[in-house]
Amino acid sequence: MTALYLVTLAGVAAAGLLTLLRLVRGPRALDRVIALDVLVTMVIAGTAVRTAMDKDTTALPVLLVLALLAFTGSVTAAHLIEKREGMR
Amino acid sequence: MTAFLLAVPVLLPALSAGVTLLGLPRSVVRTLSIVVLTGVLADAAALFVRADAHGPQALNVGDWSAPLGITLVADRLSALLLTVSALVALAVLLFAVGEGAAERLQGPPRVFHPAYLLLVTGVSLAFLTGDLFNLFVAFEVMLAASYVLITLDADEGRTRSGMTYVIAGLTSSLLFITLVALVYAATGTVTLAQLGPRLAELPDGLRGALALLLLVVLGVKAAIVPLHLWLPDSYPTAPAPITAVFAALLTKVAVYALLRTQTLLFPRTGVWTLLACAAIAAMVVGILGALAQDDINRLLSFTLVSHIGFMLFGLALFDARGLSGTILYVVHHIAVQAALFLTAALVVRRAGTAALRHMARWPPPGAWAAALFALPALSLAGVPPFSGFVAKLALLRAGTAQGGPAAYALAGTALLTSLLTLYAMTRVWTSAFMKQQSDPSHGETDPPKPSPPASPWPREHRRRTGRGTGLMTAAAAGVTATGLVIAACAGPLSMVSERAAHDLLDPQAYRSVVLGEEDH
Amino acid sequence: MIRHERARRGLRHLPMIAWLWLLWILLWGSVSWVVLIAGLLVAATVVAAFSLPPVLPGAVPRLLPIGHLLVHLLTDLIRSGTTVAWQVLRHGRNTSAAIIEVQLRVDSDLLIMAVAELTTMTPGTLVAEIDRRRQRLYVHVLPARDPADIARHKDAVRAVERRVARAVGTAPEVGVTGRPPIAGGASGDTSQGREHDQGKGT
Amino acid sequence: MTAVRDVITAVLLPTGAAFCLLGAVGLLRFPDIGSRLHAAAKAQTLGLLLILVGASVQMPLHYAPVLLLVALFQLFTTPITSQIIGRTAYRTRGLDHRLLFGDELAERLARDGTPVDETNGTPPQEEDAER
Amino acid sequence: MLVLLAAHLGVAAAIPWWARRLGRTVWMVAAVLPLATVAWASVSAGRVLDGGAYQESLSWAPRLGLAVALRLDALSLLMLWVVAGVGALVLLYCRYYVERDAGRMAALLLAFAGTMSGLVLADNLFVLYVFWELTTIASFLLIAGRGETAEQRRAARQALLVTAAGGLVMLLGFVVLGQEAGTYRLSTILVDPPRGGLVPVAVVLVLVGAFAKSAQLPLHGWLPAAMVAPTPVSAYLHAAAMVKAGVYLVARLAPALAEVDPWRPMVLGVGLATMVLAAWRALRATDLKLLLAYGTVSELGLLTAVLGIGTRTGALAGAAMLLAHAAFKAALFLSAGIVEHQTGTRDIRQLTGLGRRLPVLFGATALATASMAGLPPLLGYLGKEAVLEAFWHGTVPGNINHLTTAVLVLGFALTVAYAARFLHGAFGGPPGRPTGAPRRPQVGFVAPVAVLAGAGLVLGAGYAGTATVANAYAEGYPAGPQGSYALSLWHGFTPVLGLSALSLILGGLLHAVRRHTLAAAATVPRLPDVQGGYDRAVAGVDRLAVAVTRHTQVGSLPVYLTVLLATVVLVPGAALAAAAPSLGSPPLWWSPAEPLLAVVVVTAAAAVVAARHRLTGILLAGAVGYGVAGVFLVRGAPGLALTQFLVETMTLVVVVLVLRRMPARFVHGRTLPRARLLRVAVAGAVGVLVTCFALATSAARTAPAVSSGYVRRVAETGAHNVVNAIVVDFRALDTLGEISVLLVAAVGVVSLVRNHSHKGAADGGSGEGRRGIFPTAHWDEPRQTWLPGADERPGGERSVLLEVATRLLFPSILVLSLFLLFSGHHHPGGGFSGGLVAGQAFVLRYLVGGRADLGVAVPLPAGAVAGGGLLLAAGIGLLPPILGGVPLESAVVTWHLPVVGAVKFATSLFFDVGVYLLVVGVTLKLLSAVGVSLGDAPAGALGADREEEGSR
Amino acid sequence: MNSALGTTANTLDVTMALAVGALFAVGFYLMMQRSLMRIVLGFVLLGHGTNLLLLVAGGTPGPPPVVEGKTPHPEVADPLPQAMALTSIVITFGLTAFLTALAYRSWRLSRHDEVRDDVEDRRIGTAQERAETADDTGRIPGDAAARAEGRQ
């Protein structure tokens, strides 16, 4: 069972690293916004797996908050981008 | 009762800062601030009396004893400095209120008053806390409030200089928290009283490196050369009362922290050469900087840098006399530096410019202003019989008593600095208080009022000309009088400072009051 | 009378209060009395303190279609995930997308919002623009290599719309979504659009 | 009972991870913002959803709903982000028109008389080219 | 004595007021006190001359050796007579002389008289120094006057700086001296002089101070320059009294310290050289006062030498000479003052024939001059005889008596010469060419001159009285080998008499030779230009100051930071490197997730450096934050991770919103490659340092952490979550500080962003966001109202999807935030995270609905919410002590309710609620600031605006 | 007494030490720039660095310090560094917001995205004119006594 969790974690980790690559490479700010959003998703996924693995429920509020609120950052950034580049 | 006394200087201003934000009318807010600071002053005085009579007073906040909870401790040193600081803070507040009433320039009260009250909170907490991390927090409260105050209603130039101040402050704060982390990593505690023995168990090299890091961290806040560079660029541009309270209190809090930590955490014996070098460098570089200035506030700021060197003097000696001298010097300097900045503010208002080269063309302010300026100026230069002399004398005696080349070098530099300070003060004096007939070298007749166009910040200064209100003058006079009282009470004060120095060198009482009798 | 009115308005907030209560209970993971009472208090307080318009204005939740909707949603999700995954593996840098216009027939903010949400979850579609007045969605669709793809996607969006209308829409809405789509989506609305543009477009 | 749970988990978790990974690959490989958004919004959400469900069955009863709540919130918010980003991407010409098989929105705009200056072809200059 | 001194100061302080009412009479009033002093001194004289002494003492700071100890002995008596007597006469004289600023001058002169009296009475080294410096200050103020001319200012400053510098050196000498002696009481030191150790150093230091004050070569430059002061000031301070302070000090200490090695060479060498050279210089002067000033310098040299020689004869001679000099020099100055006052000039090239016009003045002046030249039977002669005697039979070790005597005779000859030159220059010459018809001075004007000149005659002729006083002082010395010398006008035909005569003849000859070339004074060879030296020194200091400051205070923040960090690297870094502590054997990682997250953190951080766009930078920094939060999760700190995530998102939002209008790109730094390299090096070094430091400290842990106590005692707080228990209970004070920071920072943000709006309103940003709206922008507008205030937003910014979603999510987020608040004691969460979550809810309302909608959502002023939070938190803290407990104390309360059962909660929950409120308020405040920066809605929409209006 | 808190072993691992060091290096490098925005970013990164350091250097890793039931979980993570880091995070956040606002104001007023040099310092640095300002000391006079003689 533990191996299963580890495999899952490895997959999520790999996904996270790829996302990081996108985050760093851009090229546009929107790409980075998306990448950051996905990165958060990866954190949620990873944490969820750990939660199940360790039967440790303390991280649950973190997950809730991330799921519910991470999008405000993305929306703000998108707002900014639209305002700035709206009619170039 | 003790609990109450110790809690009030920290909690009351914080609480009132909350109240000032509730949207009460301006006059209520003003009155509240004044009342609260008066209360803090009275409380601090009572605390001082108690601490002097019965030894260190301690309070376990939240009823958790030391290694777990935070203990507030008032020993002679902290209570003394707290009292003087509260006094100066109150006077400066009155000055600011007077100024605000005169020209409505202090920005919305919802910025000034809460920030000022929190500044006092931070200062009180820094003096009283017995916990390293809490000391960091106290510094942050104080500094954050000071960031707000220094950029209050800032124009371009002041934003720029505020930037310098803020960034230097932030950098030192970051290093401070780094230090706290490292210390905790090494010892597993942040209670000051407990840290001493635990640090002593570390390898010497590591311990020394930690001590030096702490020195650098506090050195930035205390503006020790060469970490002082931010100060003369930032202090002088703030509104006058704010500069006054900064110059009087903030660096002194750092010096206090230096005293506290160097004695409690990293005690040494004998002259510490590095600190002696820093002291000498501070005195020389600072006063030379002052001589190079043309702006009265900048000049005063540089003297501040210079006179920090005096305080390090005693610390470098690290014996009872030296520390006692430092304590005296800190007490004296708090009052005198505040008085100087406040009276300088009065002069600047009158002249419409802070530039000495323009100031001399205006009729000098009256005898009152002259006296108000002269007394602290002479005191700063260490001219007897004012407070500066007493403090300097204590340091000189400490230096010669200890002997050795470093001590003599310190003493010599201190004297040279006194002389150059006097020189700097005469420059101010001749410019500000003597109406100079246009000498041929100036080659121009008196330009029309207000300040000449060459003034660096003409617009701002034009707004701030005129006579100060009575309250301003009274506040300045009050601080000046404090300086005189310090000189007059040199006897009891020196005894107290000596007792405080002994307490510092033998922190057993401090430790046992924090940790309980046997438990450390 | 006024009290009656207020009560009725309060009643319209009941779904939200119920949801918040449920949320509270789920969060605490407990059904003890304390949690239940506190939850009710919290839910009522939050709703009362921050007065907002009712959530479901004129909406009629129907349980069975909602279940239907959810089942479809799940399958859609899985299909969408696989499709995109396939695109990733198969085409990578050479995907082909399109932006299509879908004329909706429901005309309430809530439903349009729901359709847009669900469409974005549906395979290969992602709402790029919403034209609220003219009830159109502009959808970025991913595998779009020929007109058939486009038609397929349009149908899929309309299917979502229909399911949504059935789940929570009013009767007319359910009715209107049942009709075949307006051809081309561009005939009857140009004048309306013009007007709209002149009104707001400066 | 435990066995059933374990089987569910054993199926869901790796699948979810695989979707996550694929989504990430897509994020990296897809050529323009529009398609990357698909990767982000679809594959990732699905992956996460599977993982959450897979994890929740392993949890004690009164905590499992919390994970499902997480999934619910995620399902609700991801489309919002995607739509806003997609909209912004279109408005700021983040979409590569060379990759578009058709653009009915542009046609609509042209018909409305407010055509957008189609740079048809190159996407706007790279905004923040990295070395 | 104390009363007298205090009276001086008190009256001096009052005089400026009286001056307005009393007019010239004020001088009479002022003269009363010196006269009283003289009287008191005379009354006391009997006891003092019998060897007794008056003592008074006032405790000041005994631990520092400070005590206001006063003592009247023979020397003090002598000086007191001089100081007070001359003082009284000068004050009376001023009545006629001074034209303006009478009040100020009278006050200063009187204050000076007081401090000078104090100086001579002081029996404590430091008190002496106190008065010493006070006289310096008085001198500065008197010389500067109103400071209208550069001349006055620089002369005043020179006097101040030179004497103060000397004074400081002397102070150090005093400190050392007292250190060695074990006391700072003068009389004790005199009785039991210290020897050895650092005493020679102390002697040198003290003498330097004395020389500076007494204008000895080469520190004399200030005295001639000080002649710009009004003549009475010159007469009093710079002839009779103040400059005598140095001499007095020499006289005071000589009995004790003359035997110390450097004393005699210094005193004799400097004194005699000064005497000769200054007298020589006096011959060049054409200005009467200047002539007298150099004469004074010369005489002071003599006095220093003779009083410092440290023999009984020397003491006698010195005492007599001291009196003589005070009398005649003051008289001559006053006389010169009258001449100038009446004729308008004091240039001897223009003065001529005054002797016939002003015979009384001439007579008095001539008498004084004669005393100066040392003609019998005047006091000057008495002194001169004794001086010559002292040197001729001196006890100077090493056989240089004859050499010194020769120098002395030369000096006396020159003195005679310049005395003649003065008299001749001022009063001589044919009366033919009147220089502006001198008015005849009033009697009262001349009287002081006459009294002083007469004093010389009386004391000289009645030498017995003089001798009594002088003897009383000289008691301190043992009788010389030749038996004790007595002051007398006639000792018979001794070599000394011959020497005296020789000096007179030489002097007369010199004057005769030179009288024809009076006008061409420049033919007298110049002396080394000490004045230039002073100026060069001052200019040098100024230049040095500018140079140092220019190179340190460059005004560039990056440079400052570089210096700061370089210090960090060099000081603690070097110490650490030198110590080379063990880094322990740390594991590579604790959890495999760590390297992964580390890669995320480091990569994103590195990418920030490369970023050229603001937004890119912020996003990457956000990724770093998320990565760090991930580490927190992995290391078992979910509460921390929760907060970090929230804060990160909030930072992102706030930064993005505040910076919305700033240009997208950074300005490319125009940094020199060298500077950049330096920065890279310094920053890298700091990084390495921190890494090593962290490893070293963490390997060096000696004792277990105190934290186990928290885990053990957490139950007492009623909490399960230890971190939360620490935050709200164990260490609630930290939290109080932390929220204070947050609050004040938010206040600052508002202050920074909004206050300038009236100035910068017109600039409207550099066009971002105003370029135009994409044609589809307003399509998204919802039709129904979802958020009450959103209608006020421009259509182009709305989104139906967002509005509906916000409407649905908002209450849920609030419930979640309340859950976090209340469950903080048991799960990760607490007031802070709860508040941030609620804050995010409002951020969402703001983003989607705009300021108007936020205003509807929170009708309270943001400041009031935040302030209320702080009020609650601090008030909760202050409540227990009022009830007799301990501040910030918390208790676990259990309520038994029907149905529900037992409800347990900790009172620290209220503290947490305060934190929650504060955070919400701070968020609102930040949003209000952001709103202002955007200006996207009419004012008045948000609480902060109303708050502002309400206060007016 | 639980063993993790009682341990005196290294709490820090190499990876984290390096990560912290990298954050410090990058952060301080950015702080030393002229661009205000980079300074802000540098501060943010340094904030992360210090918070991380606070946690990883002092804190023993372990399960979260949440005590379920009566018995403390053995080897829970050290809670004190967590609390301190929590405080530090909040402070950093407040100051970041303030610094951002300051940067914004500076930009609004001056239209520069840079920290400018201090005007007064530059003045002293470039001009010697102050030598002959308000004062007379800078001039090299001849013999002042001679001037005194020349007077009147």
Worksheet item: Quick one: does Arg63(E)'s side chain have a donor or acceptor within less than 3.5 Å of a partner on Pro492(B)'s backbone?
Response: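 No, the answer is negative, given that no donor and acceptor are paired below the 3.5 Å cut-off.
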Identify which part of [X] has an atom lying under 4.5 Å from any heavy atom of chain B, answering side chain, backbone, both or neither.
X	answer
Phe131(E)	neither
Leu872(E)	neither
Ile739(E)	neither
Leu557(E)	side chain
Ser740(E)	both
Val571(E)	both
Ala732(E)	neither
Tyr184(E)	side chain
Ala164(E)	both
Ile137(E)	side chain
Leu141(E)	side chain
Leu736(E)	side chain
Leu561(E)	side chain
Glu738(E)	backbone

Do [X] and [Y] have side chains that approach each other closer than 4.5 Å (heavy atoms only, starting at C-beta)?
X	Y	value
Asn134(B)	Leu733(E)	yes
Val216(B)	Pro572(E)	yes
Thr178(B)	Phe693(E)	no
Thr552(E)	Leu288(B)	no
Leu213(B)	Val568(E)	yes
Leu160(E)	Leu422(B)	yes
Tyr129(E)	Leu393(B)	no
Asp63(B)	Glu716(E)	no

Proximity breakdown for [X] and chain E, heavy-atom pairs closer than 4.5 Å:
X	answer
Ala138(B)	neither
Thr171(B)	side chain
Ile70(B)	both
Leu118(B)	side chain

Discussion item. Is there a side chain to side chain contact (heavy atoms under 4.5 Å, CB included) between Arg157(E) and Tyr423(B)? Walk through the geometry before answering.
Written reply: CA-CA 8 Å; Arg157(E) 178 181 300 156; Tyr423(B) 175 41; 3.6 Å; yes
Practice prompt. Kindly assign one of parallel, tilted or perpendicular to the pair Phe389(B) and Phe126(E), based on the angle between their ring planes and the thresholds 30° and 60°.
Written response: perpendicular
Discussion item. Quick check: Tyr560(E) with Trp230(B) (ring centres under 6.0 Å apart)?
Written reply: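 No.
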Practice prompt. Carefully, step by step, assess Arg427(B) and Asp542(E) under the rule side chain to side chain contact (heavy atoms under 4.5 Å, CB included).
Written response: CA-CA 12 Å; Arg427(B) 289 181 44 135; Asp542(E) 279 351; 4.2 Å; yes
Discussion item. At a heavy-atom distance under 4.5 Å, which candidate from Leu182(B), Val141(B), Val284(B) has the highest pair count against chain E?
Written reply: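 Option with the top pair count is Leu182(B).
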Worksheet item: Measuring from Trp60(E):CH2 to Cys489(B):SG, what's the distance to the nearest 0.5 Å?
Response: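 The distance works out to 11.0 Å.
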Worksheet item: Looking at SG of Cys692(E) and CG of Leu206(B), how far apart are the two atoms once the value is rounded to the nearest 0.5 Å?
Response: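 Answer rounded to 0.5 Å: 11.5 Å.
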Discussion item. I want to check a possible cation-pi pair here: Arg397(B) against Phe174(E), using under 6.0 Å from ring centre and within 45° of the ring axis as the test.
Written reply: no
